[in-house]
S.K.: 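Take this structure, written in C-alpha cells, and hold onto it; I'll ask about it next.
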2 protein chains.
Amino acid sequence: MILSRTSQYAIQALIYIATQPRGEPVLNREIAAHLGVPSAYLAKIMQNLCKGNLLYSFRGRLGGFCLREEVEKTDLMQVLALTEGKGFTDDCVLGLKVCSDETACPMHSRWKPIKEKVVHMLHEQTLEKLAVAVQSGKYRITDLPHAAFDA
Amino acid sequence: MILSRTSQYAIQALIYIATQPRGEPVLNREIAAHLGVPSAYLAKIMQNLCKGNLLYSFRGRLGGFCLREEVEKTDLMQVLALTEGKGFTDDCVLGLKVCSDETACPMHSRWKPIKEKVVHMLHEQTLEKLAVAVQSGKYRITDLPHAAFDA
DNA sequence: GGAGAGTATCATGGCCGTATCATTATGACG
DNA sequence: CGTCATAATGATACGGCCATGATACTCTCC
C-alpha cells in the first residue's frame with residue numbers, strides 16, 4: 001500500500017529539479033535541504049537515478065544534477081521501476097509465486113483492475129505535470145513547517 | 001504496493017481455517033504445514049489475531065484455533081488493521097505528514113479515489129467469500145508444487 | 001503426572017534508512 | 001600550470017525493524 005522511503009525521496013527530488021530552471025545543475029545539498037531529507041542517503045538515490053538514465057550528473061564547481069530527458073517524457077512508472085524494482089506491480093497480493101489469470105489466488109480478479117488503475121495513473125503522472133502543480137502553489141512536496149504547538 | 005509477509009500469512013491462515021469444518025480447532029502446525037510457512041512465526045501472528053479478537057485459541061489436547069466471529073462478518077480490512085496498523089490506508093504516497101484535501105501533495109487527488117477502491121474491496125472480501133472461492137477449487141491459497149524442472 | 005497444545009522470551013540474519021569518512025573529478029584563480 | 005575549493009562518488013559502519021529460529025513456560029485433557 002505504500003512506497004519505500006527511497007521511492008518517495010526519488011520522486012520528490014525529481015519533481016523539485018523539474019521546478020528549477022532547466023539546464024542549471026541543482027546541488028544534492030540544496031535538494032536535501034529543501035526537502036528536509038538526509039543528504040547522504042539522497043546522494044545514493046541520485047546516483048541510482050543517474051545509472052537509470054533519468055539524470056545527468058556533473059562534478060566539481062558548478063556541478064550538480066540535471067534532468068536527462070525532457071520532463072514530459074519521464075513518468076512515475078519509470079522512476080519506480082528503478083527504485084522499487086522493474087516488475088514491482090506484478091506481485092500477488094498474497095505473495096504467491098505464480099498468480100496469473102489461469103491459476104490465481106482468490107483475490108486476483110478483484111485486485112487486478114485496481115492494479116491496472118494504479119499503473120495507468122503512474123504512467124500519466126509526468127514530472128512536468130507534477131512540477132506545474134507544485135509551481136502553482138496549490139500542492140506541496142515537503143512537509144509543513146510545524147508551528148509552535150508545544151507551548 | 002505490497003503487503004507485509006505478516007499480513008499475507010495472516011490472511012492465508014484465516015482463509016484456511018474458514019475452509020475447515022466450523023467448531024473444530026485447527027492446529028497451528030497443520031496450518032503452517034499446509035501453507036508452507038514457518039510455524040514459529042505463524043504462531044506469533046496467530047497470537048496477534050487472538051488479541052485482535054479474530055480468533056479463539058484452546059490449549060492442551062484437542063486445542064488449536066477457531067474463528068471467533070462468523071465468517072461473513074470478518075473482512076480483510078479488519079485483518080489488515082491488526083497486521084499493518086489501524087490507519088494503514090491513510091498515508092500519503094509521498095510520505096508527507098499532512099496530506100489532506102485542503103493541503104496536499106501533487107498526487108493526492110489522483111491517489112485518493114484509487115485508495116477508496118482498495119478500501120472498498122478489502123471491506124467486501126469476507127473470509128466466507130474467500131473460503132468458498134478456495135473450496136470451489138478454482139483458486140489457490142498456497143504456492144504450486146514446483147515439478148521437477150531441474151533435471 | 002505426562003503428553004499435547006498454545007504462550008512468552010530471547011537470539012539471529014537481512015535489508016533499509018542513516019551517518020561518517022575517504023576518493024575522484026572539475027572548474028576557478030593566482 | 002599548479003593547487004585549491006567544490007561537488008559527486010564510493011566504501012564502511014551502525015541501529016532498527018521484519019522474518020525467522022530456538023527454547024523454555026503454561027495450560028488442559030486424559
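In what follows, every chain begins at residue 1, and chains take the letters A, B, ... in the order their sequences are listed.
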S.K.: side-chain hydrogen bond (donor to acceptor under 3.5 Å, both in side chains), that's the test. Do Q12(B) and T142(B) meet it? Break it down for me.
M.R.: CA-CA 8 Å; Q12(B) 291 177 237; T142(B) 67; over 6 Å; no

S.K.: How would you label the contact of Y9(A) with the nucleic acid (heavy atoms, under 4.0 Å): base, sugar-phosphate, or nothing?
M.R.: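 Sugar-phosphate contact only.
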
S.K.: Quick test of your reading of the model: are R110(A) and E124(B) salt-bridged, counting only N-O distances below 4.0 Å?
M.R.: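 So R110(A) pairs with E124(B) through a salt bridge.
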
S.K.: What's the CG-P distance between N48(B) and dT7(C), to the nearest Å?
M.R.: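 In whole Å, dT7(C) P and N48(B) CG are 11 Å from each other.
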
S.K.: Between Q135(A) and T19(A), is the side-chain hydrogen bond (donor to acceptor under 3.5 Å, both in side chains) condition met? List the steps.
M.R.: CA-CA 7 Å; Q135(A) 280 170 327; T19(A) 64; 5.1 Å; no

S.K.: For dC18(D), does either OP1 or OP2 sit under 4.0 Å from a side-chain N or O belonging to T6(B)?
M.R.: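 Looking at the OP1 and OP2 atoms of dC18(D), neither is under 4.0 Å from any side-chain N or O of T6(B).
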
S.K.: Looking at the side chain of P38(B), which of dG6(C), dT9(D), dG21(D) is the nearest nucleotide?
M.R.: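 Closest nucleotide among those given: dG21(D).
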
S.K.: If you check the R61(A) side chain, which of dA28(C), dG4(C), dG21(D) turns out closest?
M.R.: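 Minimum distance to the R61(A) side chain belongs to dA28(C).
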
S.K.: Where each residue is assigned the nucleotide of DNA chain C containing its nearest heavy atom, which of L62(A) and S39(A) is assigned the position nearer the 5′ end?
M.R.: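 Here S39(A) is the residue nearer the 5' end.
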
S.K.: Using whole Å, report how far OH of Y41(B) lies from P of dA11(C).
M.R.: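 My rounded result for the distance is 19 Å.
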
S.K.: Round to the nearest Å and state the distance from L42(A) atom CG to dA7(D) atom C1'.
M.R.: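 That distance rounds to 14 Å.
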
S.K.: How close or far is atom P of dG6(C) from atom CG of L49(B), stated in whole angstroms?
M.R.: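 Distance check: L49(B) CG to dG6(C) P gives 14 Å.
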
S.K.: Can you check the I45(B) CD1 to dC18(D) C1' distance for me, whole Å?
M.R.: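 Value for this atom pair: 11 Å.
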
S.K.: Is the shortest side-chain N to carboxylate O distance from D101(B) to K112(B) below 4.0 Å?
M.R.: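 Here D101(B) pairs with K112(B) in a salt bridge, since their nearest N and O are under 4.0 Å apart.
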
S.K.: How long is the line joining CG of N28(A) and P of dT9(D), in whole Å?
M.R.: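 Rounding to the nearest Å, CG of N28(A) and P of dT9(D) are 9 Å apart.
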
S.K.: Which nucleotide, dA5(D), dT9(D), dT18(C), lies nearest any side-chain atom of R59(A)?
M.R.: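 Within the option list, the nearest is dT9(D).
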
S.K.: With a 3.5 Å cut-off and just heavy-atom distances, do the side chain of K44(B) and the base of dG21(D) make a donor-acceptor pair?
M.R.: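 In this structure, the two groups form a donor-acceptor pair.
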
S.K.: When you match Q47(B) and L27(B) each to their closest nucleotide on DNA chain C, which lands nearer the 5' end?
M.R.: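 Its nearest nucleotide lies further toward 5', so the answer is L27(B).
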
S.K.: Using atom CD1 of I31(A) as one end and atom C1' of dA8(D) as the other, report the distance to the nearest whole Å.
M.R.: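 One finds 12 Å between C1' of dA8(D) and CD1 of I31(A), rounded.
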
S.K.: If you round to the nearest 0.5 Å, how far is CG of L80(A) from CZ of F88(A)?
M.R.: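 That separation rounds to 4.5 Å.
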
S.K.: Looking only at side-chain N and O atoms, does S57(A) come under 4.0 Å of OP1 or OP2 in dA7(D)?
M.R.: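 So the side chain of S57(A) is outside the cut-off, no N or O lying under 4.0 Å from OP1 or OP2 of dA7(D).
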
S.K.: Nearest to the side chain of R5(B), heavy atoms from C-beta on, is which of dA8(D), dG6(C), dT20(D)?
M.R.: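 So the nucleotide nearest the side chain must be dT20(D).
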
S.K.: Nearest to the R29(B) side chain among dA19(D), dA5(C), dA8(D), which nucleotide is it?
M.R.: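 For R29(B), the side-chain atoms sit closest to dA5(C).
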
